[in-house]
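In this text the structure is predicted, and so the values were computed from the model without any measurement. Chain letters run A, B, ... following the sequence lines, proteins first and then strands; every chain starts at 1.
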Protein chains: 2
Amino acid sequence: MILVKFRDRHPGMRSTDFHEIRALPLFREMGAEPFEALTRGGYVQTFPPQVELITEGEHSDFLHVVIEGSVELFAGWNGRETTMSMVYPVSTFILAATIKDAPYLMSARTVERSRVVLIPSEDVRRIFEVDNDFARAVVAELAQCYRGVVKSAKDMKLRNAVERLANYLLRQHLRNGGRPEFELRMEKRRLASFLGMTPENMSRALKALQPYGVTVDGQRVRIADADDLAGLAKPTPLIDDPEH
Amino acid sequence: MILVKFRDRHPGMRSTDFHEIRALPLFREMGAEPFEALTRGGYVQTFPPQVELITEGEHSDFLHVVIEGSVELFAGWNGRETTMSMVYPVSTFILAATIKDAPYLMSARTVERSRVVLIPSEDVRRIFEVDNDFARAVVAELAQCYRGVVKSAKDMKLRNAVERLANYLLRQHLRNGGRPEFELRMEKRRLASFLGMTPENMSRALKALQPYGVTVDGQRVRIADADDLAGLAKPTPLIDDPEH
DNA sequence: ATCGGGGCTTGATACTTGTCAAGTTCCGCG
DNA sequence: CGCGGAACTTGACAAGTATCAAGCCCCGAT
């Protein structure tokens, strides 16, 4: 029954969307009723590539949930721009700004055609005030995000470009079940910016990893001997383990 | 009455400590009873300078509150080390690790002789589960911390050494009520590490700021014309406003 | 199939930042 | 009071990284 009501009220939303959002750690533990109240005002929209969903400095109107496609979080200053992170389905972004009712610190744009659920920030804050399970889920999510940025900051401050790239490749390698070959999840130019270097520099960094068994063909990366690469990368869970 | 009980149970703690902790945003909104339960197992300890209070990778046993002195949060990798942030009274640190029951991502050491309150992590998590006001205060605190690290990451990725230093000095200038002279809050070597550069480089960066009216004598900094310096620094609330 | 554009690579070069070594200053301690 | 050590500064040099320019390659549009 709830499903029918849900779909009636949320133009464009499929019941699979509903289930996927519900399954997120952020929403998993709360009761059906508050979840219904939270998502009542939400709606789904499909955006073409390269659409700026939010702009840093602006006020937080919606909590965003990526259902399909991918979204880039980036920031600019003084004519420069850098990729802060990539968001893949299914996950939320800019939760902190929404909860604090503060301006966005980062902008967001679609990379490819993407389906995004928009939940009014006011509703998020209202349910947050009322529902204790949701409030605790928000804590878990924020703590996770916080630790993620801390790791990223350590990566930036303690490693040089080649080391950052080597560790990134090892993380992706593991993410893909340790298979020797995998696809990069984003364009190289974006990856370069994410890792804090120029595209030219990353191209050279990739070459520098050849002696360690890394070969690249387009988006396809092959890691011949992960241990060899790890000898250079020296990964540590305190920076590189996303679960930690 | 509560005060007397409190002091009886917490060796070394003064009633002023009690009030200062209670006044923190993290503890301000919760009821007297849960606060009492939360701090019941806590105690105060005074540490000499350069004592390592926590080590990254270790398990979170206590939530720490700095009452006097100052504490440096730092991280290491592969023989390198960097200062992540400084904690001044009265504030807590490593809340995220405590709540998540996860390993510390950063180490902490006293810089000067410091009084620190230690609250068992188990108690923090227990009260967090039970007390909804506290849970929401934790959200506010974590969101604040998260946004702080994001700003710091933007600072690192978007600005070069001189720009980071210029903006840091402007922030301190503002913090001190806009007076032309103020004292650096930490040693230069630590500040250099915090700002992501070597001490040698910071020495040169300070010289590079002389044409913009910055003069330095020991810990004493004079900013002759903040607007002039801001012309170079181009501060933005999205990186430099701690409240934002 | 051809054209055009954007992403990627490469080389040359310049700028930024780090390293090393030496010297100075400052401060605490005997 | 003077000694010792650490912090800081300075210069010379090396390493890391960015910029600029050119060419290649892939892919989508005509």
Side-chain ion pair, A:Asp240 and A:Arg171, N-O less than 4.0 Å: yes

Distance check needed: D:dC26 C1' versus A:Gln219 CD, whole Å only. 12 Å

For the pair made of CZ in B:Arg159 and P in C:dT16, what is the distance, rounded to whole Å? 17 Å

Find the distance B:Met197:CE to C:dT19:C1' and express it as a whole number of Å. 16 Å

In plain terms, say whether B:Arg109 and B:Glu52 are close enough for a salt bridge, that is, a side-chain N and a carboxylate O under 4.0 Å apart. no

Separation of C:dG28 P from B:Glu112 CD (nearest whole Å): 13 Å

Counting just side-chain N and O atoms, does B:Asn160 come under 4.0 Å of either OP1 or OP2 of C:dT16? no

Whole-Å distance, B:Leu191 CG to D:dT9 P, equals 11 Å

So does B:Glu200 reach the base of C:dC20 with its side chain, donor to acceptor, closer than 3.5 Å? yes

Identify whether the distance between the nearest side-chain nitrogen and carboxylate oxygen of A:Arg115 and A:Glu20 falls below 4.0 Å. no

Quickly work out the A:Lys188 NZ to D:dC24 C1' distance and round it to whole Å. 13 Å

Given C:dG18, is OP1 or OP2 found less than 4.0 Å from the side-chain N or O atoms of B:Asn201? yes

In plain terms, say whether B:Arg147 and B:Glu243 are close enough for a salt bridge, that is, a side-chain N and a carboxylate O under 4.0 Å apart. no

Rounded distance in Å - CE (A:Met156) to P (D:dG16): 17 Å

Taking OP1 and OP2 of D:dT17, is either one under 4.0 Å from a side-chain nitrogen or oxygen of A:Thr198? no

Closest-nucleotide mapping onto DNA chain D: is B:Pro199 or A:Gly196 further toward the 5' terminus? I mean the 5' end. B:Pro199

Mind checking B:Glu187 for me? I need base, sugar-phosphate or nothing, with any heavy atom below 4.0 Å counting as a touch. sugar-phosphate

Does the pair A:Glu81/B:Lys157 count as a salt bridge with the N-to-O cut at 4.0 Å? no

Check if the side chain of A:Arg204 and the base of C:dG11 share a donor-acceptor pair of N or O atoms closer than 3.5 Å. yes

B:Met202 has an atom CE; how far is it from atom C1' of C:dT19, in whole Å? 17 Å

